[in-house]
Amino acid sequence: MNFASIEMILMITLASGVLAYLIGKLNAKLGSIVTILVSMYVTIAVIYFGYNGELVITTEYLPLVTFKVTNIGLFFASTVTFVFAMVSFFNPFFIDKYKFKALYSMLYIFSLVGILGVFFTDNFMTLFVFFEFTVWSSMFLIPMGKSTKSTTLYFAMSTIGSFALLYAIFLMRSQSGSFDIDQGLAMVSGAKATWTYILLSVAAFAKLGAFPLHLWLPKVLGDAPDPVTAVFSGGLEKLGAFVAVMGLVRLAPVSFNIGAIDMDFARYVIAFIGSITIIIGTLMAIRQDDAKKLLAYSSMSNGGYIIVALTIGNGIAISGALYHVLAHAIASAAAFLAIAAVARKTNTTKMSELGGMIHNMPITYMVYLIAIISMAGIPPMGGFISKWMIFQAVINKGLPIIAIGVFFGSIGSFLYVFRPLAALFLGQQLPEYKHLKEAPFFMVLPMIILSGLIIYTGVLPNYILGKINEIVVDLGATAVTITEYTITGFNGTIHPALISGMFGVGVFVAFLIFITFKKSKKVTLMDTYTAGEFIYTEELLHYSVDFYAPLERLYEKYIHIMEKTYDSIRNKIAEVGHFFKYYFFTNKPEVSVFWIVIIVSLLLWGESLW
Amino acid sequence: MSAVLLIAVPLLAAFISILNKKLAPVLLLLVSLFNIVSIFFYSLGTITIGGFEAPYGISLVLDNYSLIGLIVINIAFFLVLLISYEKVKKVATVLLVALAGLNGLLLTGDLFNLFVFIEVSGIAAYLISTTNKKYVATFNYLVIGTVGSSFYLLGLIILYAMVGTLNMSDMALRISSEGISAANLSLPFLFMFIGLGVEAKLLPFNSWVKGILGNSNKLVGPMIASVYAGTISLVFGRILTSVFVVSDRLGLILTVILLVGIVAGETMAFASTKLREILLYSSIAQASLVIILFLEGITGWAVMMVIANVISKLVLFAIASYTSDELKTDEVDNLKGIFSKNKIIGVAFTIASLSVSGLPLFMGFVVKMNVLTSIFDGEDYLLAAVILLTSIVEGVYFVRVLIKLWYNKEDAKTINYNFVIKYIVSVLAVLLIVFGTYTTVLNDQVETVNEVFEIGGNE
Amino acid sequence: MLQYAAIVLIMLGLYGILTQRNVIKIILSLNIMEIGLNLFIISVGYVTDGIAPIMTTNHNTNSLIYVDPLPQALVLTAIVIGVGTTALGLAIAKNIYSKYGTFELDEMEEE
Amino acid sequence: MKNFLALILTLFLGFLIMSSLNNNIAFPKFGEANIGDRVSDAYIDRDVTENPGDVIFGETDGLESGPANIVTAIVADYRSFDTLGEVTVLFVSALGVALLLGTKKQKRLEIDFHPNFMLRVGSKALFGVILMTGIYISIHGHLTPGGGFPGGSMIATSMLLLYLADDNFRAKVKGFKILESIAGSLYVLIGIIGLIIGGSFLVNILDTGVIGELFSAGIIPIVYVLIGLKVGSEISNVIDNFLTEEGA
């Protein structure tokens with residue numbers, strides 16, 4: 001038995017999903033510990049054996065189910081399984097909060113199975129099966145959290161995505177004659193190629209949560225159980241990126257070329273939507289009060305970066321996008337986990353209800369700080385490297401309108417990522433949270449590992465970029481020039497380690513100054529007054545509420561447009577239903593007879609006219 | 001042994017059973033069991049009745065197509081009996097007749113005989129539906145059903161006048177050899193299509209469905225929605241594949257009507273708030289889809305879809321009807337959280353509805369994928385798009401229902417589902433998973449079914 | 001022509017079903033439609049100058065011109081089935097009456 | 001408005017059907033049916049299994065189907081299976097009427113009309129005649145127009161007469177049930193015996209005799225008598241159900 005064959009990994013994982021359920025029936029905590037073991041096993045198997053070239057395919061079990069190890073699949077799989085493994089450490093601490101405890105463990109593992117299947121196949125049908133499998137197993141994780149409302153929305157959007165994917169698959173099959181991924185992508189041509197391009201984009205958008213299919217992302221991440229949010233943002237969302245690579249990079253749509261920038265129109269439209277996604281994500285993130293929702297919108301806008309980069313499609317853009325996938329996956333996982341750690345103690349993620357947690361949870365604070373620095377694209381974290389590469393690509397391609405979006409998002413992220421930091425961890429401490437302790441060791445451990453990785457990706461990106469370069473070559477683009485310590489873009493070369501070193505020195509100096517010349521005084525929440533009146537109630541005069549009120553007012557009117565659109569679509573569907581009900585199902589026998597007569601008449605009339 | 005026993009034995013039992021009321025239900029179970037067991041002993045072929053060869057005598061056709069149908073329908077029938085045994089007692093004789101009628105529908109190779117069996121099973125269905133105690137609804141069913149079968153008969157007679165035979169395969173033969181144009185055939189075919197369409201719940205001939213299934217108890221729901229619907233779909237399939245010669249124009253128009261039916265069914269289910277109504281509208285959509293597949297010539301997978309529907313609708317309607325029998329309500333909002341108290345039932349319902357909406361691991365998915373493959377092979381991109389779009393709507397309302405029934409309420413009512421229904425629905429749910437993962441069985445069956453029609457039909 | 005008369009009867013029945021709101025009248029309309037249908041079936045088998053398909057001492061061989069006997073056999077079946085449906089319909093009508101006290105569908109409360 | 005619309009619609013549909021039939025070259029005009037092309041040709045010639053040559057009333061024997069009445073030959077022999085189905089339809093609807101109208105019937109329906117003595121006695125006398133006619137028609141179904149269904153209806157008519165002429169009259173419903181059950185079961189059993197002996201369901205296992213004689217046509221007269229009894233008892237049952245109600 002080869003434990004490093006893909007079939008074996010999938011089988012074992014699937015079986016242990018059932019096992020986790022059975023054990024979870026006896027003892028919920030034990031069941032959730034199974035999730036840790038399984039996801040650790042999968043992570044080690046994928047990363048260790050995968051990059052040693054020992055991950056193999058042993059047999060072909062079923063006619064349409066075939067597996068294949070590709071560089072890109074391996075890259076995505078390592079990223080996502082790693083996130084799954086890290087998050088799984090949180091499961092035992094949260095399991096008591098769920099309604100169906102054993103089921104949670106099972107579905108958690110099933111989602112992992114689904115996602116692995118997607119990354120390790122060369123067959124579209126297999127890909128779709130696992131894609132859908134992921135959808136329904138992750139779908140039932142959502143309602144175990146705060147609210148069940150967003151589940152249906154998630155399902156609807158996901159299904160739009162997966163059916164777009166399915167349609168594209170069949171379109172490709174009609175030209176290539178098989179479900180083979182490489183053949184399908186290579187052989188599709190003409191109008192069908194354009195359609196496939198569009199449909200695959202829709203699929204990618206739905207999964208990435210890009211405009212206009214973004215609505216599920218904040219709602220689901222707001223509602224889902226806290227560890228699951230990390231999985232969604234750091235793991236499941238990346239399915240969209242995977243599909244996007246397939247569609248946006250490997251397909252050549254045929255519409256017409258925009259001469260000025262030498263770019264296909266369809267491609268430009270997608271890039272444009274990507275930049276809109278960035279802008280909307282940023283604007284929406286700015287006005288959130290719930291930290292999870294804020295991060296969700298930030299995930300959305302980061303998805304936009306990936307889309308923009310992939311549409312440009314040259315070597316540096318693709319590796320920027322892929323590096324961004326990795327950087328964002330670990331950064332957002334870390335951020336969500338940090339918030340989950342807080343929420344486990346306080347039972348809220350609303351910024352207006354929290355404050356001063358740094359005194360209780362300093363490590364969590366540090367993890368969160370590192371994560372958001374990466375998300376904002378500031379050195380020395382991984383997010384900086386990827387954003388730098390994407391900027392290089394956008395500027396070089398000369399896309400002014402899209403560049404506006406990209407830069408806006410970058411600046412905007414400064415505006416929002418530091419808000420939860422300030423609101424949750426800094427500021428005045430709430431009396432009721434005074435006695436909270438730092439999270440237990442097994443929760444802190446994955447967060448520390450994640451932050452270590454964030455820093456590593458920022459300081460020494462070259463090993464991973466080397467792996468990404470292999471993918472880039474696979475995709476037919478030119479590899480990015482990298483040396484041991486440098487990356488060369490279109491207009492310059494950076495030394496991440498050097499930058500990081502300088503940055504580190506700067507921070508150190510600042511810290512010294514802060515310590516030596518400390519002038520502030522620590523006060524309790526009640527130690528204040530307004531307009532000469534002392535405050536007697538313990539209500540929080542929280543400074544992070546309405547932080548950017550003037551800015552928000554600018555676009556306040558427009559923020560619900562998409563929600564309204566979807567609501568009206570839903571209402572329209574229901575209206576059509578009511579219409580049919582009213583005219584066909586009236587409890588009167590003559591109605592059916594009437595329709596029979598009408599239809600026969602019309603058809604016969606038609607026959608006689610023709 | 002001859003497959004005519006599948007019809008004769010229930011009839012004999014029906015005639016005997018009126019003598020003793022207490023014995024009737026036992027007899028019913030025994031006969032139903034006998035049917036299931038005996039199916040496996042009959043040899044394939046055409047069975048003549050009265051010793052007269054087709055087309056002069058009536059002949060029954062036992063080929064792979066009808067065999068699959070017989071197995072599925074008889075087993076489903078038996079399971080429905082077990083689920084609703086206390087309701088069965090009063091109408092045991094009627095159910096025996098219904099069983100004979102359903103088997104007759106599946107077996108017969110004669111168009112007029114088909115009409116007789118439509119009436120036999122139809123009248124039995126009216127009577128079964130009276131156990132709902134909604135007489136106006138039953139009356140509607142009766143009126144529309146009678147008009148429908150009259151139209152079928154009218155079409156059949158016109159066809160007889162033109163062709164001079166009633167046997168299905170002979171009819172197909174004569175139509176092609178005499179070279180009767182599709183335009184001339186469109187009138188009788190249209191009538192017959194509508195007649196069968198009434199029974200098969202096709203929009204817009206189906207206003208009876210709401211009254212019957214919307215108020216269904218645990219006998220009527222699974223019986224009409226699963227067993228009857230499956231049978232009629234298969235009958236439709238046989239006629240469409242082996243008798244009808246539909247002109248392109250008529251075929252297009254019928255497809256459009258059926259597509260409207262799918263859209264209407266799914267949107268109506270989307271707009272409904274009652275559990276049974278959601279299910280019944282969704283089954284309207286499914287019925288239309290199956291007929292489209294038969295029209296398009298995707299016979300094998302259409303049969304599989306019928307089977308998948310029989311299984312999943314049986315589970316869904318059994319649970320929905322049982323629940324509303326117990327709680328006297330089927331508003332989804334009033335049923336919140338019931339599955340968290342009745343996990344087995346809930347899991348079975350979940351699996352069945354996920355299968356219907358076509359999610360992987362379950363039978364519905366395999367069927368849907370293969371159906372789509374065939375549709376794309378036929379380059380029917382619009383049809384595929386409509387099917388996929390409506391599937392989204394379908395999935396959404398099923399998920400909505402599932403989430404509501406699993407979550408949301410702490411003080412959910414506990415319902416004592418008896419162990420019979422628990423076992424049956426869980427076995428069926430497991431079956432859906434087995435067929436959904438071990439697809440070789442399905443592929444083999446599809447091939448045998450397709451062979452039936454490729455080799456010139458049912459000789 | 002007989003066939004046209006039959007079709008007129010069928011349409012009359014349909015008209016009745018479309019317009020009547022009284023349970024009994026609807027059943028009557030159904031019956032009219034069925035009679036029309038039966039007439040149509042019979043008419044399909046008619047042969048000009050054909051005799052009834054019964055051998056008697058007067059017509060003692062099968063080499064004569066008979067009308068088509070098959071539609072007659074079919075119509076027999078159709079009539080009996082019609083009787084069955086009508087009986088059932090009337091029984092349901094009686095139940096409806098004892099439940100609502102009226103035969104008018106419009107006067108019943110919506111279920 | 002509704003009525004007008006319905007009128008227009010039905011007129012329109014009727015016109016379309018007529019013109020469609022009229023334009024249909026394959027559909028024979030009234031009276032121009034070509035029986036030679038139809039399966040019924042074989043029923044008239046009795047040459048489905050083997051060709052007996054010219055069939056002559058009162059002489060030819062050993063035919064595949066013996067009745068002199070060709071319609072009977074079709075109803076009770078060539079297409080006997082349809083007839084079994086038909087009997088079943090009637091059976092199940094009679095049963096349905098009984099189910100729907102309640103099973104605890106004790107007394108006759110109250111009606112305003114009270115028949116006098118003459119009517120009661122006279123109708124009893126007439127009853128026998130009608131009953132006998134009904135039975136006669138059933139038995140002679142293979143020779144003359146008629147058969148089990150009209151015969152059975154006639155038997156039921158005689159019961160109806162008694163019901164109408166006497167407001168206290170109740171038939172023994174239980175007896176009808178037994179009769180109905182036995183007749184039906186025998187019909188199916190004959191079919192099954194045919195399956196065992198003759199190799200196919202409802203095959204004519206008896207000698208068909210000389211065409212035109214009373215004792216000819218094999219099982220057909222037996223079947224027709226059974227049908228007559230069954231139909232008679234079923235319709236009588238229906239009559240009883242409609243004319244009684246729950247009560248003391």
Side-chain angles (χ1 to χ4, degrees), chain C residues 1-4 7-20 43-50 52-92 94-95 98, chain D residues 2-3 5-7 9-11 13-14 17-18 21 28 30-35 38-40 43-46 54-59 68-75 78-79 82-83 85-87 89-90 92-94 96-97 99-101 143-145 147 149 211-212 231 235 238 241-242:
Chain C
M1 299 266 263
L2 187 59
Q3 276 163 345
Y4 296 155
I7 289 172
V8 168
L9 271 179
I10 295 176
M11 290 307 133
L12 207 57
L14 277 180
Y15 174 79
I17 297 168
L18 282 175
T19 51
Q20 298 306 315
S43 77
V44 154
Y46 181 70
V47 181
T48 318
D49 299 330
I54 300 171
M55 294 188 195
T56 59
T57 40
N58 293 338
H59 310 286
N60 63 352
T61 149
N62 68 346
S63 51
L64 295 164
I65 301 173
Y66 293 105
V67 298
D68 192 348
L70 187 62
Q72 303 197 2
L74 300 187
V75 99
L76 188 57
T77 310
I79 289 170
V80 174
I81 289 173
V83 169
T85 350
T86 309
L88 201 60
L90 287 172
I92 295 173
K94 204 175 161 188
N95 267 352
S98 57
Chain D
K2 190 177 139 194
N3 292 8
L5 185 69
L7 183 71
L9 262 178
T10 43
L11 277 178
L13 178 60
I17 293 176
M18 285 179 201
L21 286 178
F30 180 67
E32 294 172 13
N34 185 0
I35 296 182
R38 297 184 177 174
V39 284
S40 6
Y43 300 144
I44 297 172
D45 293 341
R46 321 281 165 113
D54 202 11
V55 179
I56 297 165
F57 185 81
E59 285 178 22
N69 183 346
I70 303 168
V71 178
T72 301
I74 297 172
V75 168
Y78 290 111
R79 300 185 66 89
D82 276 349
T83 310
E86 184 182 347
V87 168
V89 168
L90 203 56
V92 75
S93 43
V97 171
L99 271 179
L100 282 173
L101 299 182
L143 299 177
T144 57
F149 292 101
I211 187 167
V231 171
I235 298 183
V238 171
N241 273 313
F242 273 108

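No experiment lies behind these values; they were computed from the predicted model shown. So you know, we letter chains A, B, ... as the sequences are listed, proteins then strands, and number each from 1.
- Top candidate by heavy-atom pairs under 4.5 Å with chain D, chosen from C/I10, C/L14, C/L2, is C/L2.
- By the neighbour-count criterion of 12 heavy atoms within 6.0 Å, atom CG of D/L5 is densely surrounded, having more than that number from other residues, nucleotides or ligands.
- Per-residue counts of heavy-atom pairs under 4.5 Å with chain C were compared for D/V238, D/V231, D/D82, D/I70; the largest is that of D/I70.
- When each of C/G50, C/G84, C/P69, C/G45 is checked for heavy-atom pairs under 4.5 Å with chain D, C/P69 comes out on top.
- Heavy atoms of C/V44 lying under 4.5 Å from chain D belong to its backbone as well as its side chain.
- Proximity to chain C involves both the backbone and the side chain of D/L7, based on heavy atoms less than 4.5 angstrom apart.
- A donor atom on one side chain and an acceptor atom on the other are found under 3.5 Å apart for C/D68 and D/S40.
- Looking only at heavy-atom pairs under 4.5 Å with chain D, the residue among C/A87, C/A78, C/P53, C/P71 that has the most is C/P53.
- Note that OG1 of D/T72 is 7.0 Å distant from CD1 of C/I54, once rounded to the nearest 0.5 Å.
- The contact between C/T56 and chain D is made entirely by backbone atoms, counting heavy-atom distances below 4.5 Å.
- Heavy-atom minimum distance, C/Q72 versus C/V67: NE2-CG2, 3.3 Å.
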Q: Begin from the C-alpha positions of D/V97 and D/F242 and carry the test side chain to side chain contact (heavy atoms under 4.5 Å, CB included) through to its verdict.
A: CA-CA 8 Å; D/V97 171; D/F242 273 108; 3.9 Å; yes

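- For D/L11, no part sits under 4.5 Å from any heavy atom of chain C, backbone or side chain.
- Contact count versus chain D (heavy atoms, under 4.5 Å) is highest, among C/T57, C/V8, C/D49, for C/T57.
- Taking all atoms of both residues into account, the shortest heavy-atom contact from D/L100 to C/A91 is CD1-CB, 3.9 Å.
- Ranked by heavy-atom pairs shorter than 4.5 Å toward chain C, the options D/L21, D/I44, D/L90, D/V75 are led by D/I44.
- The choice from C/L88, C/L74, C/I79, C/T86 that makes the most heavy-atom pairs within less than 4.5 Å of chain D is C/L88.
- In this structure, chain C has a heavy atom under 4.5 Å from the side chain of D/F149, while its backbone stays farther away.
- At least one donor-acceptor pair closer than 3.5 Å links the side chain of D/N69 to the backbone N or O of D/T144.
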**Q.** Evaluation steps, side chain to side chain contact (heavy atoms under 4.5 Å, CB included), between C/V80 and D/V89
**A.** CA-CA 8 Å; C/V80 174; D/V89 168; 5.8 Å; no

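- Contacts between C/I92 and chain D at a heavy-atom distance below 4.5 Å involve backbone atoms as well as side-chain atoms.
- Smallest separation of non-hydrogen atoms from D/R46 and D/Y78: CA-OH, 3.6 Å.
- Most heavy-atom pairs under 4.5 Å with chain D: of the set C/T85, C/L18, C/L76, this distinction falls to C/L76.
- Residue contact with chain C, scored on non-hydrogen atoms closer than 4.5 Å, is absent for D/V92.
- Of the two parts of C/L90, the backbone and the side chain both hold a non-hydrogen atom closer than 4.5 Å to a non-hydrogen atom of chain D.
- Contact detail for C/A73 and D/I74: the closest heavy-atom pair is CB-CG2, 3.5 Å.
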